[in-house]
Amino acid sequence: MGINGYQITAEGGTGFFQDQDGGSYNYAGRYVADVTHRNWDIICASSSTNDSEASEAEINTSVDAFYDLVKANHPNSIILIVGTPRSVSQRGGEGTGYILAETRTLARFESKNDPLVITIPTLTDVNPPVFGTGKISAPTGDGNADFYVSDGLHYGDAGHLYHGSWLARKVTAAFRAKIIELSN
């Protein structure tokens with residue numbers, strides 16, 4: 001995509017609503033600390049399993065705070081919101097909360113009707129990148145999670161690579177569709 005520079009600000013336990021375990025800051029707080037220092041063309045964040053217990057109102061308020069910060073500091077940047085980078089089927093009933101958090105997060109961004117917002121589902125995609133109930137140390141033969149999931153929730157190295165290539169195809173297609181949409 002011709003990207004010259006990037007900054008990754010990953011920290012476990014955070015989400016749009018959820019603070020890092022131990023009381024750190026959510027995405028809006030991290031945005032202020034990590035991203036406002038430079039003029040970025042694309043601001044990307046993912047929905048989070050950490051928001052799985054947040055109410056719709058809590059997610060909406062948190063998404064609004066993040067969106068408002070991006071628009072105030074990077075008004076011409078594309079806001080790319082991707083789905084949760086997880087395999088939901090290993091986690092049984094918890095997976096329902098993960099799907100709900102992704103659905104609510106993406107829907108709230110889509111409700112902005114902002115031509116610079118692009119959303120890409122993951123858990124709720126028709127063909128999610130990783131599926132099945134297995135993991136690397138305990139394969140079950142019912143999906144590719146046997147090769148990509150390390151502990152029943154998190155990706156192993158191969159899972160990160162696979163998810164990254166899956167997401168790159170989705171992002172490229174979404175950008176092409178957005179260019180066509182905006183040029184009509």
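Each residue takes its place number in the sequence, starting with 1. It should be emphasised that the depicted structure is a prediction, and the values quoted were computed from it without experimental measurement.
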[X] versus [Y]: any side-chain heavy-atom pair under 4.5 Å?
X	Y	result
R108	D64	yes
I78	I118	yes
D41	H74	no
D125	K170	yes
D114	K71	yes
S46	Y27	yes
S48	T84	no
I43	L80	no

N/O donor-acceptor pair under 3.5 Å between [X] side chain and [Y] backbone:
X	Y	result
N184	I180	yes
E102	G83	no
T172	R169	no
D51	A101	no
D142	T133	yes

Steps toward side chain to side chain contact (heavy atoms under 4.5 Å, CB included) verdict (N144, Y162)
CA-CA 10 Å; N144 63 3; Y162 180 78; 3.9 Å; yes

What are the two closest heavy atoms between [X] and [Y], and how far apart are they?
X	Y	value
A174	I120	CB-CD1, 3.9 Å
V70	Y31	CA-OH, 3.4 Å
N26	G15	CB-O, 3.3 Å
Y67	V117	CE1-CG2, 3.9 Å
A145	G134	CB-O, 3.4 Å
T103	T124	OG1-CG2, 3.6 Å

Can you measure from [atom1] ([X]) to [atom2] ([Y]) and round to the nearest 0.5 angstrom?
X	Y	atom1	atom2	result
N127	T122	CG	OG1	12.5 Å
H160	L167	NE2	CG	13.0 Å
E58	R104	CD	CZ	9.5 Å
T36	L69	OG1	CG	8.5 Å
H37	N73	NE2	CG	12.0 Å
S150	I136	OG	CD1	6.0 Å

Test of ring centre spacing under 6.0 Å for F109 and F16
yes

Would you say the rings of H154 and Y148 are close, in the sense that their centroids are separated by under 6.0 Å?
no

If you count every heavy atom of other residues, nucleotides or ligands that lies below 6.0 Å from E110 atom CD, does the total exceed 12?
yes

